[in-house]
J.: 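One structure coming up, written as structure tokens, with questions to follow.
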Amino acid sequence: MKLKKFTDAGLKAATAALLAVALLLTFTVSDYYIFNRADEFGFFFVLSQWIKKAGLLVIPMAAFFDKKSCSAIARYVLPVFIIISCFTFGSFFDATAVTPDSTPAELVYAHINEFIPKRANVALFYISNFLYLLICALLFVRDGWRTNLSGFIRLPFAMLACIPLNIFENFFDIENFSSGHFLRFKNFTVWHLLAVIILVCFTVGAYYFLKNKTRRSQDEYLAAAAIVLLIQYHSKDSVVMGDGYNVYHTVFACIPLFICNIGVYVASISVILKKKVLYAISFFVHAAGALTVFFYFGKNEMSNYGIFCSYSILYFTLTHCLLFALSVLPTALGHYKFKPKDVIIPLIYYFAVIIIASVASALVTSASMGFTYNGYTLQDGEWLMPNYAFTQINPLPFSVPVWGLTIWKCELNMLYILGLYAAYVAIFYAMNGGYYAFLAIRKKALSRSPAIPVVPLKLAESEAAATDAETDEDTQKQEETV
């Protein structure tokens with residue numbers, strides 16, 4: 001009993017440490033730089049790094065949710081590819097965005113982006129590999145050697161969920177597609193329509209997939225989706241410093257003050273910790289934010305998503321689909337009910353966010369005016385405009401009269417920012433109205449369906465406690481163990 005207790009504690013501590021180290025590694029250029037350069041870095045190393053990304057999904061599910069299928073993958077698959085990665089890294093640690101054609105401004109930003117030195121990168125890489133192997137060993141201690149072969153069926157799904165989205169860039173060169181090419185993603189094109197259709201189908205499909213499952217299974221799937229969202233969201237850290245994400249090329253774009261970036265954390269934590277106040281913020285603020293940017297991506301001259309299968313558009317579509325789904329599914333599944341007063345905290349929260357984002361945006365722009373490297377100081381037009389929470393650059397196709405407020409060296413249009421807040425308040429109340437309309441439709445639909453017997457709460461809890469930790473049939477056919 002004591003051994004199990006210590007093993008569980010060590011497993012969770014090691015998993016938390018691994019996730020922290022993996023987060024730090026995303027702030028190195030090399031972390032995702034390799035995936036659209038498979039020929040340069042080698043098939044086996046690229047594959048091993050991809051499977052290690054999948055490990056960041058299966059390990060937390062095995063450690064914190066006791067999923068036996070995930071434990072099987074971690075015990076028998078991960079160690080092989082972790083060892084391969086230790087001996088096939090090649091020039092991985094020397095990856096850099098600097099080229100012979102880099103401009104002085106690009107050299108300034110490359111110097112900032114490569115703030116984690118090579119020695120620290122190497123150390124973090126091997127520390128993460130050690131933690132992977134330690135976790136696999138602890139899972140052997142906890143779960144033993146025997147396992148169900150059916151558990152390995154989850155591996156392709158884990159790999160698909162954690163796929164490096166820039167891997168498709170191995171098959172095309174964006175330079176071959178002009179800005180007016182049909183395949184370029186822009187507002188109100190067929191690709192824009194496709195993105196909206198994907199959002200709707202993804203959310204509705206997820207609802208119907210989960211609605212007849214137990215509450216416990218629903219919570220586990222939502223937690224897994226939250227982990228996938230965090231993994232894919234942090235892929236941007238490395239990409240933005242290597243090849244760039246959309247129009248952003250510096251680590252300052254990774255500061256989570258864009259409204260949907262903050263939403264990634266709020267929505268993910270809300271379904272993992274199951275806190276209603278966090279979920280209310282996620283539902284009223286971040287679902288509305290994710291929905292609005294899907295219908296209007298901002299002025300075309302402000303964006304550069306590339307073609308439909310470029311990293312930028314795949315990243316945007318996947319992360320915003322997951323964000324929207326995590327922000328609305330718990331309500332659709334009946335986990336929470338809101339009262340009119342529940343919108344108050346989200347309104348206060350968004351007011352605080354927009355103030356902090358405005359100040360931070362002005363401070364970053366002001367600081368960038370003095371960035372220098374090798375004697376070159378950034379000039380006007382090269383300064384950073386991070387536009388956190390859309391506070392600095394107006395994405396709308398019309399201008400707003402200027403009522404300026406200067407913060408350090410940067411002037412913000414307070415009239416625009418106040419108008420932005422008022423517009424989002426209107427959207428929040430529209431979401432609230434949509435919520436009550438959904439409840440009315442749902443009530444009417446349920447009243448027409450056959451009555452479903454209700455299991456008393458205490459009986460349901462006792463039955464859940466008596467079941468095995470697995471609810472997804474991983475423990476069926478125990479005689480097929482190895």
Side-chain angles (χ1 to χ4, degrees), residues 105 179 185-189 192 195-196 245-250 252-263 281 284-305 312 316 320 343-371 378-434:
S179 60
F185 186 93
K186 292 183 179 180
N187 277 306
F188 313 124
T189 61
H192 184 175
V196 175
Y245 160 67
N246 198 0
V247 296
Y248 299 105
H249 294 83
T250 73
F252 294 97
C254 301
I255 300 173
L257 285 174
F258 296 89
I259 192 65
C260 289
N261 293 172
I262 308 171
I281 292 171
F284 289 110
V285 178
H286 298 297
L291 195 60
T292 53
V293 294
F294 251 99
F295 285 96
Y296 180 66
F297 289 83
K299 290 180 284 190
N300 286 329
E301 58 268 26
M302 290 172 52
S303 303
N304 179 25
Y305 286 104
S312 290
F316 182 93
H320 283 74
V343 78
I344 295 174
I345 291 179
L347 288 175
I348 297 171
Y349 159 85
Y350 184 67
F351 181 79
V353 166
I354 204 167
I355 295 299
I356 294 170
S358 299
V359 174
S361 186
L363 293 177
V364 170
T365 298
S366 300
S368 71
M369 295 178 186
F371 287 168
L378 296 180
Q379 306 298 309
D380 188 4
E382 298 170 342
W383 302 329
L384 288 177
M385 300 285 283
N387 202 31
Y388 301 129
F390 305 111
T391 56
Q392 196 167 358
I393 303 174
N394 178 4
L396 300 173
F398 56 83
S399 60
V400 176
V402 177
W403 173 40
L405 174 66
T406 300
I407 298 178
W408 195 1
K409 303 175 186 178
C410 182
E411 184 181 53
L412 296 177
N413 187 350
M414 296 306 297
L415 186 62
Y416 161 70
I417 291 172
L418 291 173
L420 180 69
Y421 178 73
Y424 265 87
V425 169
I427 294 172
F428 299 162
Y429 279 103
M431 285 291 294
N432 201 20

J.: Answer whether the closest heavy-atom distance between the side chains of Leu347 and Tyr421 falls below 4.5 Å.
T.: yes
J.: Taking all heavy atoms of Pro395 and all of Tyr296, pick out the closest pair and write down the distance.
T.: O-OH, 2.9 Å
J.: Looking only at the aromatic ring of each residue, does the gap between the centers of Tyr248 and Phe258 stay below 6.0 angstrom?
T.: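 Yes, close enough.
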J.: Give a yes or no on whether the backbone of Ser179 and the side-chain of Lys186 come within a donor-acceptor separation of less than 3.5 Å.
T.: yes
J.: Can we call the ring centroids of His286 and Tyr349 under 6.0 Å apart?
T.: yes
J.: List the atom of Val293, the atom of Cys260, and the distance in Å for their closest heavy-atom pair.
T.: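 Heavy atoms only, the tightest pair is CG2-SG, 4.5 Å.
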J.: Minimum heavy-atom separation for Asn413 to Pro401, with atom names?
T.: ND2-O, 3.1 Å
J.: Looking at Tyr429 and Val343, would you say the former's side chain and the latter's main chain have a donor-acceptor pair under 3.5 Å?
T.: no
J.: With a 4.5 Å cut-off on side-chain heavy atoms, are Phe351 and Tyr424 touching?
T.: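 SC-SC contact between Tyr424 and Phe351 ruled out.
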J.: Provide the full list of side-chain hydrogen bond (donor to acceptor under 3.5 Å, both in side chains) pairs with a residue in residues 391-405, sequence neighbours left out, each pair given once.
T.: Ser361-Gln392, Thr365-Gln392
J.: Starting from the C-alpha separation in whole Å, work towards a yes-or-no answer on side chain to side chain contact (heavy atoms under 4.5 Å, CB included) for Met369 and Leu378.
T.: CA-CA 6 Å; Met369 295 178 186; Leu378 296 180; over 6 Å; no
J.: Return the minimal non-hydrogen interatomic distance between Leu363 and Ile407, and the atom names on each side.
T.: CD2-CG2, 4.1 Å
J.: Looking at every non-hydrogen atom in both residues, tell me the closest pair between Ser366 and Cys410 and how far apart they are.
T.: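 Looking at all heavy atoms of both residues, the closest pair is OG-N, 3.3 Å.
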J.: Kindly compute the distance separating CD1 (Ile417) from CD1 (Ile355), expressed to the nearest 0.5 Å.
T.: 7.5 Å
J.: Using the six-membered ring wherever Trp is involved, compare the ring planes of Phe316 and Phe294 and label them parallel, tilted or perpendicular (cut-offs 30° and 60°).
T.: tilted
J.: Would you call the rings of Phe297 and Phe185 parallel, tilted or perpendicular, where under 30° means parallel and over 60° means perpendicular?
T.: perpendicular
J.: Keeping the roles fixed (side chain from Asn246, backbone from Asn304), state whether a donor-acceptor pair exists under 3.5 Å.
T.: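 Here the side-chain-to-backbone pair exists.
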J.: Report the distance from atom CG of Leu412 to atom OG of Ser358, rounding to the nearest 0.5 Å.
T.: 6.0 Å
J.: Could you check whether any side-chain heavy atom of Tyr350 comes within less than 4.5 Å of a side-chain heavy atom of Ile259, counting everything from C-beta outward?
T.: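 Counting from C-beta outward, Tyr350 and Ile259 do come under 4.5 Å.
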J.: Looking only at heavy atoms, what is the nearest atom pair of Ile427 and Ala288, with distance?
T.: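 Closest pair (atom of Ile427, atom of Ala288, distance): CG2-CB, 3.2 Å.
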